[in-house]
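These notes are about the structure you will find just below.
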Amino acid sequence: MLALVILNYKTYNDSYELVKSIYSNGLSDEVTIFLVDNETNENELSELKCSIIEFGINIYILPQEHNLGFARGMNIGIDKAREEGFDFVVCSNNDVLIPPNFSFTGLIQPYQDNSRIACIGPQIKSLDSISQNPLYLSDPFGSTAKKIMIKNFFLLPIIGCYIYVLRGLLKEMLVREGARKEVEKKDVFKQENSGEVYSLHGSFFALTPAYFAHYNNMDSNTFLYYEELILSKRIENVGLTCHLNANTVVVHKEDSSTNELLGSGTLRKSLFVLKENYRSLAYYLKNYI
């Protein structure tokens with residue numbers, strides 16, 4: 001048996017659809033669910049409970065008064081799952097769907113062959129079938145010299161944040177105008193086969209006993225963004241690896257919570273995302289580079 005930690009924020013229908021997809025595909029006996037509900041709405045949570053009770057799935061509901069963000073919220077579920085004795089913990093956004101032929105036990109199979117694997121992710125497809133895993137095949141910050149330059153540049157007091165946000169807004173503008181050049185991450189979406197990768201997409205991944213031999217849970221010092229790179233660096237620091245299991249696939253609807261909160265394609269959302277991204281980047285640069 002595995003534990004599945006689902007992080008919900010506002011989008012209760014997404015959580016219902018994820019749980020329903022698990023039930024519909026006959027996976028209820030493979031997994032115990034821990035649903036962490038950030039900033040709980042009692043009425044909507046009550047409706048969700050009533051909706052999923054028919055599935056007969058073993059599920060723990062963990063309501064939270066405030067929005068703890070991704071890592072801290074996920075840690076609530078991880079800690080509870082570990083307390084209940086689970087050695088494998090699958091961490092999932094709620095805007096994920098489990099398709100037919102998926103298997104949780106199949107997902108973690110690579111660990112049985114290689115006990116140095118700390119984190120396993122499936123192939124993740126967007127609704128328009130674009131691959132999202134792996135996130136990075138190699139360290140995106142490159143050489144030591146490049147890391148030092150980036151660190152010194154973006155950590156300039158106040159100025160670094162403004163430069164980062166303005167750079168992000170300009171990039172979005174170019175994308176919307178259809179004038180974007182090939183400036184995206186160079187090694188994204190290029191691996192279709194199973195194997196070791198540098199960093200997995202954060203919407204759905206499994207932590208193994210190898211990971212928990214060194215860490216209790218995730219680094220809780222970010223609110224949103226850069227959790228994947230922090231996780232990868234932690235794994236690298238103890239001589240373990242991340243693994244893409246391309247034999248399993250999930251579907252990621254993407255950005256449901258931020259779209260619900262801030263609107264899709266709005267300036268408000270762009271500024272929120274860029275500022276939170278910068279805060280997480282600054283923490284990563286200070287503590288992991």
*asked:* Counting C-beta onward and ignoring hydrogens, is there a side-chain heavy-atom pair between Cys242 and Ile117 closer than 4.5 Å?
replied: no

_Any side-chain heavy-atom pair of Asn8 and Asp14 under 4.5 Å_ = no

Among side-chain atoms of [X] and [Y], is any donor-acceptor pair under 3.5 angstrom?
X: Glu47; Y: Tyr16; result: no
X: Asn38; Y: Asn67; result: yes
X: Thr11; Y: Asp95; result: no
X: Asp37; Y: Thr40; result: yes
X: Asn221; Y: Asp219; result: yes
X: Ser232; Y: Ser199; result: yes

_Other members of the hydrophobic cluster containing Leu97, with the 4.5 Å side-chain heavy-atom rule, please._
Leu127, Val251

*Is the number of heavy atoms from other residues, nucleotides or ligands within 6.0 Å of NZ (Lys147) greater than 12?*
yes

*Would you indicate whether Asp113, at its atom CG, is surrounded by more than 12 heavy atoms from other residues, nucleotides or ligands within a distance under 6.0 Å?*
yes

Please give me the minimum heavy-atom distance between [X] and [Y], naming the atom from each residue.
X: Thr222; Y: Glu227; value: OG1-OE2, 3.4 Å
X: Cys91; Y: Leu207; value: SG-CD1, 4.3 Å
X: Leu35; Y: Ser15; value: CD1-OG, 4.0 Å

Centroid separation [X] to [Y] less than 6.0 Å:
X: Phe88; Y: Tyr111; answer: yes
X: Phe223; Y: Tyr225; answer: no
X: Tyr60; Y: Phe34; answer: yes

*Parallel, tilted or perpendicular for Tyr278 and Tyr164, by the 30°/60° rule?*
tilted

*Taking the inter-plane angle between the rings of His201 and His252 on a 0 to 90° scale, is it parallel (under 30°), tilted (30 to 60°) or perpendicular (over 60°)?*
perpendicular

*Spatial distance of atom OG1 (Thr241) from atom OH (Tyr198) [nearest 0.5 Å]*: 13.0 Å

*Between CG of Leu7 and CD of Gln64, what distance do you get to the nearest 0.5 Å?*
9.5 Å

*Is Arg234 positioned over the aromatic face of Tyr215, cation under 6.0 angstrom from the ring centre and no more than 45 degrees off axis?*
yes

*Stacked cation flag Arg82 on Phe212, 6.0 angstrom / 45 deg*: yes

*Can you hop from Tyr284 to Leu231 via hydrophobic side chains spaced under 4.5 Å?*
yes

*Evaluate salt bridge (charged side-chain N to carboxylate O under 4.0 Å, His left out) for Lys20 paired with Glu17, printing each intermediate quantity in order.*
CA-CA 5 Å; Lys20 182 180 179 181; Glu17 291 183 352; over 6 Å; no

